[in-house]
S.K.: 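Dumping the structure here so I can ask a few things about it.
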Amino acid sequence: MRAIQVTEVGGPEAMKLVEVDRPEPGDGEVVIDIAATGVNFIDTYQRGGLYPMDLPLTPGPECAGTIAAVGAGVSDFAVGDRVAVAASSGSYAEARVAPASQCVGLPDDLSFELAAAALLQGMTAHYLAFDTYALADGDRCLIHAGAGGTGRLLIQLAKSVGAEVFTTVGTAAKGEIAASAGADHVINYAEKNFADEVRRIAGTETPLDVVYDGVGAAVFDDSLTLIGKRGLMATFGNASGPVPPIAPLALSRAGSLFLTRPTLFDYVATREALVARATDVFDRIANGSLEVTIGATYPLEDAAQAHHDLEARKTTGKLLLVP
Ligand code: NDP
């Protein structure tokens with residue numbers, strides 16, 4: 001079968017299309033024939049070495065498809081079941097092996113493409129909005145990169161509970177996409193200092209209850225200055241580079257702030273939590289309250305192009321690979 005492989009970490013060109021043997025399921029595992037693969041920023045960290053992985057690596061935690069084989073001890077799933085998974089790696093391929101405990105069954109009316117577009121970023125936006133900080137009516141939050149895959153979903157979930165949403169975007173066209181998701185205040189941080197702009201709009205120095213930051217190094221320091229006393233900084237990604245170390249006293253001086261660096265896998269750590277969170281995301285898609293935008297679809301062999309586009313900030317919404 002065809003798969004993308006990385007034998008040495010590096011830029012997008014480190015990903016090569018190769019022929020490999022089809023995987024066999026071990027105990028507790030399933031093999032998924034992949035219909036659609038979700039491209040996530042985390043895939044670039046796996047490929048580039050920021051998140052160290054065993055080599056050779058087939059990147060990508062996320063895909064949706066049909067179960068083609070089950071290993072010993074698997075009772076929740078059978079051959080032919082439609083599933084999605086967002087775990088470890090191996091999704092840049094025609095088939096992958098995955099722990100059955102990490103798979104979720106798909107509702108009949110949810111396409112493979114939407115499932116692969118929604119699972120990882122949808123569950124991420126879900127835990128950030130409802131658990132990392134339980135947003136409530138009237139809370140003020142800042143969501144960086146609001147036209148991106150995760151950002152656009154997070155805006156919608158924040159609005160669903162009545163929060164006031166400030167968001168940043170890199171171009172005017174992206175601003176329209178973030179606004180269409182329901183953001184109250186859209187700031188183009190390529191043109192204006194976003195922190196000054198948030199303060200100007202809010203009319204106070206530290207208006208925010210929480211900042212959701214998947215951009216990282218480029219915006220972290222300015223974001224901290226916007227958070228009110230005992231508010232929360234949720235730094236959940238490194239799109240512009242990892243955030244450097246910070247002294248605890250900086251949090252004290254900024255108003256007894258809380259700082260967290262959450263990761264999805266700790267918010268779906270049990271089977272019960274995974275199924276509950278995925279089900280709620282799928283239900284919201286089905287009832288129309290959560291809209292997933294597929295920005296672009298690439299053939300598997302163009303995985304490097306997808307990474308180029310994602311890292312060059314050319315994309316909006318979700319990117320898919322189709323094997
Ligand atoms: P996005 O679709 O949001 O793409 C990243 C966006 O970041 C770009 O479109 C761009 O938007 C913005 N950006 C700002 N500066 C840069 C830069 N220097 N280089 C590249 N992009 C930049 O990606 P995802 O939704 O897949 O991921 C968003 C973030 O969330 C990532 O950091 C990812 O690692 C993180 N994440 C974390 C998870 C967790 O549980 N911790 C789980 C899932 C994702 P613009 O041009 O508008 O600034």
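Throughout, numbering of the chain's residues begins at 1 and tracks the sequence. Start at 1 and go down the list; that is how both ligands and their atoms are numbered.
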S.K.: Could you tell me whether the side chains of N188 and K174 share a donor-acceptor contact shorter than 3.5 Å?
M.R.: no

S.K.: For G149, take its heavy atoms, then give the atoms of ligand 1 lying under 4.0 Å from any of them.
M.R.: 1 (P), 2 (O), 3 (O), 25 (O)

S.K.: Hey, are D309 and Q305 close enough side-chain-wise for a donor-acceptor pair under 3.5 Å?
M.R.: yes

S.K.: Would you kindly specify which portion of Y45 sits under 4.0 Å from ligand 1, judged on non-hydrogen atoms: side chain, backbone, both or neither?
M.R.: side chain

S.K.: Provide, to 0.1 Å, the distance between atom 48 (O) of ligand 1 and the closest protein heavy atom, together with that atom's residue and name.
M.R.: Y189 OH, 2.4 Å

S.K.: For atom 3 (O) of ligand 1, what's the nearest protein heavy-atom neighbour? Residue, atom name and distance, please.
M.R.: G148 CA, 3.4 Å

S.K.: Specify the protein heavy atom at minimum distance from atom 23 (O) of ligand 1: its residue, its atom name, and the distance to 0.1 Å.
M.R.: F41 CD1, 3.8 Å

S.K.: For ligand 1, which part of Y267 has a heavy atom less than 4.0 Å away: the side chain, the backbone, both, or neither?
M.R.: neither

S.K.: F194 vs H144 aromatic rings, parallel, tilted or perpendicular, using cut-offs 30° and 60°?
M.R.: perpendicular

S.K.: Using a 4.0 Å heavy-atom threshold (strictly under), name the region of A190 that reaches ligand 1: side chain, backbone, both or neither.
M.R.: neither

S.K.: For atom 35 (C) of ligand 1, what's the nearest protein heavy-atom neighbour? Residue, atom name and distance, please.
M.R.: F236 O, 3.6 Å

S.K.: Quick one: does NZ or CZ of R82 land under 6.0 Å from the six-membered ring centre of F112, within 45 degrees of the ring axis?
M.R.: yes

S.K.: Could you check R47 against E311 for salt bridge (Lys or Arg N to Asp or Glu O under 4.0 Å), going step by step and ending with a plain yes or no?
M.R.: CA-CA 12 Å; R47 181 213 75 219; E311 292 178 295; 3.0 Å; yes

S.K.: For ligand 1, which is the ligand I care about here, please tell me if A145 has any N or O atom under 3.5 Å from one of the ligand's N or O atoms.
M.R.: no

S.K.: Taking distance alone, with no angle check, do V39 and ligand 1 share an N/O pair under 3.5 Å?
M.R.: no

S.K.: Using a 4.0 Å heavy-atom cut-off, which part of N238 comes near ligand 1: side chain, backbone, both, or neither?
M.R.: backbone

S.K.: Nearest heavy atom to atom 8 (C) of ligand 1 wins, so pick from R313, R261, E311.
M.R.: R313

S.K.: Less than 3.5 Å between some nitrogen or oxygen of N40 and one of ligand 1, yes or no?
M.R.: no

S.K.: Under a 4.0 Å threshold between the charged nitrogen and the carboxylate oxygen, would D33 count as salt-bridged to R22?
M.R.: yes

S.K.: Starting from atom 28 (C) of ligand 1, locate the nearest protein heavy atom and write down its residue, its atom name and how far away it is, to 0.1 Å.
M.R.: T150 OG1, 4.1 Å

S.K.: Which of the numbered atoms in ligand 1 are below 4.0 angstrom from a heavy atom of L310?
M.R.: 4 (O)

S.K.: For the residue pair D280 and H126, confirm or rule out a side-chain donor-acceptor distance under 3.5 Å.
M.R.: yes

S.K.: Taking only Lys NZ, Arg NE, NH1 and NH2, and the carboxylate oxygens of Asp or Glu, determine whether E301 and R2 approach each other closer than 4.0 Å.
M.R.: yes

S.K.: Before accepting this row, confirm whether a basic side-chain N of the pair E164/K159 lies closer than 4.0 Å to the acidic partner's carboxylate O.
M.R.: no

S.K.: Return the option from G170, G38, A239, G317 holding the heavy atom at the smallest distance from atom 7 (O) of ligand 1.
M.R.: A239

S.K.: Counting heavy atoms only, which part of L264 comes closer than 4.0 Å to ligand 1: side chain, backbone, both or neither?
M.R.: both

S.K.: Judged by modelled atom types alone, do Y212 and T150 share a side-chain donor-acceptor pair under 3.5 Å?
M.R.: no

S.K.: Should you measure from each heavy atom of T124, which atoms of ligand 1 turn up under 4.0 Å away?
M.R.: 38 (C), 42 (C), 43 (C)

S.K.: Assign the ring pair F41 / Y45 to parallel, tilted or perpendicular, where the plane angle (0 to 90°) is split at 30° and 60°.
M.R.: tilted

S.K.: Closest non-hydrogen protein atom to atom 29 (C) of ligand 1, residue and atom name please, with distance?
M.R.: G214 O, 3.6 Å

S.K.: Out of all atoms in ligand 1, which are within 4.0 Å of some heavy atom of V169? Include the element for each.
M.R.: 47 (O)

S.K.: Pull out every atom of ligand 1 sitting under 4.0 Å from any heavy atom of K174, numbered as shown with elements.
M.R.: 9 (O), 11 (O), 45 (P), 46 (O), 47 (O)

S.K.: Applying a strict 4.0 Å limit to heavy atoms, is G151 in contact with ligand 1?
M.R.: no

